[in-house]
S.K.: 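This is the structure I want to talk about, given as structure tokens.
All ligand and atom numbering here is 1-based and tracks the order in the structure. All values derive from a computational prediction rather than experimental measurement. Computed from heavy atoms alone, side chains included, the values below leave out hydrogens, waters and symmetry copies.
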Amino acid sequence: MPCLPVLKPMPTLLFMSALVILSTQCRPEEDPHVVPEIRFPIDISKDETEANSTFEFPIVLNQSTSRDIMVHYETRELTALEGEDYIPVADSLVIPAGTATASIFVDIVVDDYMEEDEEFRVVLTGSSNATFAGGIQEAISTIRNDDSLFPISGGGYMSASSYPGKTLVWSDEFDAGSIDLSNWTYDLGANGWGNQELQNYTSNSENSYVDDGHLFIVARDEGTHYTSARMKSIGLQEFQYGRIDVRAILPKGQGIWPAIWMLGANFPTSGWPACGEMDIMELIGSSPNTVHGTVHYGADWTQHNYTGGGTSIPWTETFSDEFHVFSIDWTPSGITWLLDDQPFYSVDNAVTGSQPYPFDNPFFFILNIAVGGQWPGYPDATTAFPQFMAVDYVRVFQ
Ligand SMILES: [Ca+2]
Ligand SMILES: [Ca+2]
């Protein structure tokens with residue numbers, strides 16, 4: 001393009017301005033082939049929040065040039081997965097002539113569920129009219145977890161919604177937005193209770209909450225102590241006899257002791273074990289594929305006795321993997337324990353022998369995770385925290 005326009009007479013000031021403009025547009029000494037370096041050394045680490053839902057990766061040229069620069073880029077998975085953790089992109093961007101910066105934007109998937117901190121890469125796959133400084137063509141992005149809710153799948157065994165000759169008399173499906181306090185209240189404290197347990201039970205939402213149709217009870221390592229929750233239906237929901245189904249995912253690990261159980265409603269006046277105890281499900285976290293059903297009884301604690309049985313799923317599985325249904329069929333003639341509708345242990349109403357038979361009275365529910373104790377032992381370096389029990393429903397048919 002010719003650089004010597006015909007100059008027309010004009011006022012001096014305007015003439016000088018025109019010369020300046022002409023000189024910047026047409027400097028003959030400028031190298032039309034200067035090749036800038038692309039600098040892309042920036043790793044990004046941000047919390048997974050709405051405010052950070054788009055991660056920005058700046059690209060900087062060491063100098064601008066008179067030509068457009070084109071950069072091709074794409075995202076690649078590391079521990080963060082396409083679609084699940086971020087929205088994959090593969091595109092090109094233009095750094096216009098005369099400018100030296102641009103940015104790549106990647107949307108991340110924001111949810112409320114706890115995950116590991118996860119990483120993905122943004123890779124510069126090629127460019128036109130520029131080189132890569134130091135050969136660096138990728139940035140690593142870390143999506144930092146800032147959530148505390150547990151993600152679970154709904155898979156696993158689902159029990160029948162009705163039984164011949166029986167009526168559903170009560171259930172908590174945990175479908176409301178919060179714990180139904182017309183069904184449940186809390187035991188608090190408990191550090192050092194009779195079984196030498198370590199946890200302190202709280203009513204804090206970190207230790208019990210309802211999410212997506214499930215009740216979560218969470219055992220946490222608070223550094224100096226453990227917290228958990230123990231919920232009970234005493235004075236609120238009490239039943240005598242019935243088919244009881246509880247669908248749950250259980251925690252695991254050395255020293256972790258989840259339980260789904262019942263005590264006689266006369267516990268406050270008669271005391272334990274005279275009130276009777278029916279353990280629908282107990283699990284010792286170091287044997288995470290075995291559950292136990294037990295009854296405890298005795299006129300007073302010096303005459304405490306118990307009997308029970310267990311059942312296991314294959315050793316390659318655990319009760320943390322998916323839902324199972326823990327049941328008792330409790331009638332005037334005895335109690336049968338079932339796992340996923342398969343009976344595995346029974347007692348009849350002569351089980352207490354010379355001791356009083358307490359299992360002919362109303363009982364209330366208790367759902368809890370204990371940490372440590374004489375039976376499970378204590379957490380060690382192999383025990384992962386937090387641990388949760390997710391309960392899909394508690395149903396009583398009579
Ligand atoms: Ca999350
Ligand atoms: Ca549910």
Side-chain angles (χ1 to χ4, degrees), residues 44-55 75 77-88 106-120 141-163 168-184 205-206 208-218 220 229 231 233 236-237 243-251 258 260 280-281 319-327 340-341 365 367 369 384-397:
I44 303 291
S45 179
K46 289 183 177 177
D47 287 347
E48 183 207 285
T49 63
E50 291 295 343
N52 295 326
S53 64
T54 300
F55 282 18
T75 50
E77 293 180 341
L78 288 170
T79 51
L81 303 179
E82 291 185 358
E84 197 168 302
D85 300 304
Y86 67 93
I87 307 304
V106 180
D107 289 334
I108 64 160
V109 177
V110 178
D111 61 31
D112 295 324
Y113 293 106
M114 182 163 59
E115 297 153 276
E116 300 289 314
D117 293 351
E118 293 170 327
E119 295 180 336
F120 65 90
S141 177
T142 304
I143 308 171
R144 290 195 305 250
N145 175 69
D146 77 327
D147 297 318
S148 57
L149 300 185
F150 292 98
I152 54 169
S153 72
Y157 187 79
M158 178 82 75
S159 54
S161 57
S162 64
Y163 296 95
L168 180 69
V169 296
W170 175 78
S171 74
D172 195 333
E173 304 286 329
F174 304 107
D175 286 339
S178 60
I179 292 170
D180 185 345
L181 297 178
S182 68
N183 291 334
W184 304 102
S205 61
E206 290 80 15
S208 61
Y209 62 87
V210 163
D211 176 60
D212 196 25
H214 305 108
L215 168 69
F216 287 80
I217 291 177
V218 185
R220 309 181 66 89
M231 303 178 58
S233 67
L236 299 169
Q237 303 295 343
R243 162 76 182 231
I244 293 163
D245 291 337
V246 183
R247 186 172 192 253
I249 288 176
L250 306 181
I260 297 166
I280 300 170
M281 184 292 302
F319 285 99
S320 304
D321 298 340
E322 60 179 8
F323 279 100
H324 290 273
V325 177
F326 310 96
S327 305
D340 297 340
D341 205 38
F365 290 102
L367 309 172
I369 301 174
F385 284 94
Q387 284 290 322
F388 71 91
M389 174 161 70
V391 182
D392 186 8
Y393 51 72
V394 180
R395 295 173 179 165
V396 180
F397 300 86

S.K.: Taking only residues two or more places apart in sequence, or in another chain, which ones meet Asp172 in a salt bridge (Lys or Arg N to Asp or Glu O under 4.0 Å)?
M.R.: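 Expected list: none.
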S.K.: Between the side chains of Gln237 and Asn183, is a donor N or O closer than 3.5 angstrom to an acceptor N or O?
M.R.: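 Side chains of Gln237 and Asn183: pair found under 3.5 Å.
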S.K.: Tell me whether Asp146 is salt-bridged to Lys46, with the criterion being a basic N under 4.0 Å from an acidic carboxylate O.
M.R.: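 Lys46 and Asp146: not salt-bridged.
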S.K.: Kindly say whether Glu115 contributes a backbone atom to a donor-acceptor pair with the side chain of Asn145 at under 3.5 angstrom?
M.R.: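 Yes: the side chain of Asn145 pairs with the backbone of Glu115.
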S.K.: Compute whether any side-chain donor of one residue and acceptor of the other, for Asp117 and Thr142, lie under 3.5 angstrom apart.
M.R.: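 Absent: no donor and acceptor within the cut-off.
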S.K.: Less than 3.0 Å from the Ca ion (ligand 2) is the window; count the protein N, O or S atoms in it.
M.R.: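 Near the Ca ion (ligand 2), the number of protein N, O or S atoms below 3.0 Å is 4.
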S.K.: Have Asp175 and Tyr393 got a donor and an acceptor in their side chains that come within less than 3.5 Å?
M.R.: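 Absent: no donor and acceptor within the cut-off.
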S.K.: Which protein atoms of type N, O or S are found under 3.0 Å from the Ca ion (ligand 1)?
M.R.: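 Protein N, O or S atoms closer than 3.0 Å to the Ca ion (ligand 1): Glu48 OE1, Glu48 OE2, Asp111 OD1, Tyr113 O, Glu115 OE1, Asp147 OD2.
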S.K.: Can you name the residues that form a ring pair (Phe, Tyr, Trp, His ring centres under 6.0 Å) with Tyr163, not counting sequence neighbours?
M.R.: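 Here the qualifying residues are Phe397.
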S.K.: Would Arg220 count as a cation-pi partner of Phe385, with NZ or CZ less than 6.0 Å from the six-membered ring centre and within 45° of the ring normal?
M.R.: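 So Arg220 doesn't make the cation-pi contact.
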S.K.: Can you tell whether the side chains of Arg144 and Asp47 come within less than 4.0 Å, N to carboxylate O?
M.R.: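 Counted as a salt bridge, because a side-chain N and a carboxylate O are separated by less than 4.0 Å.
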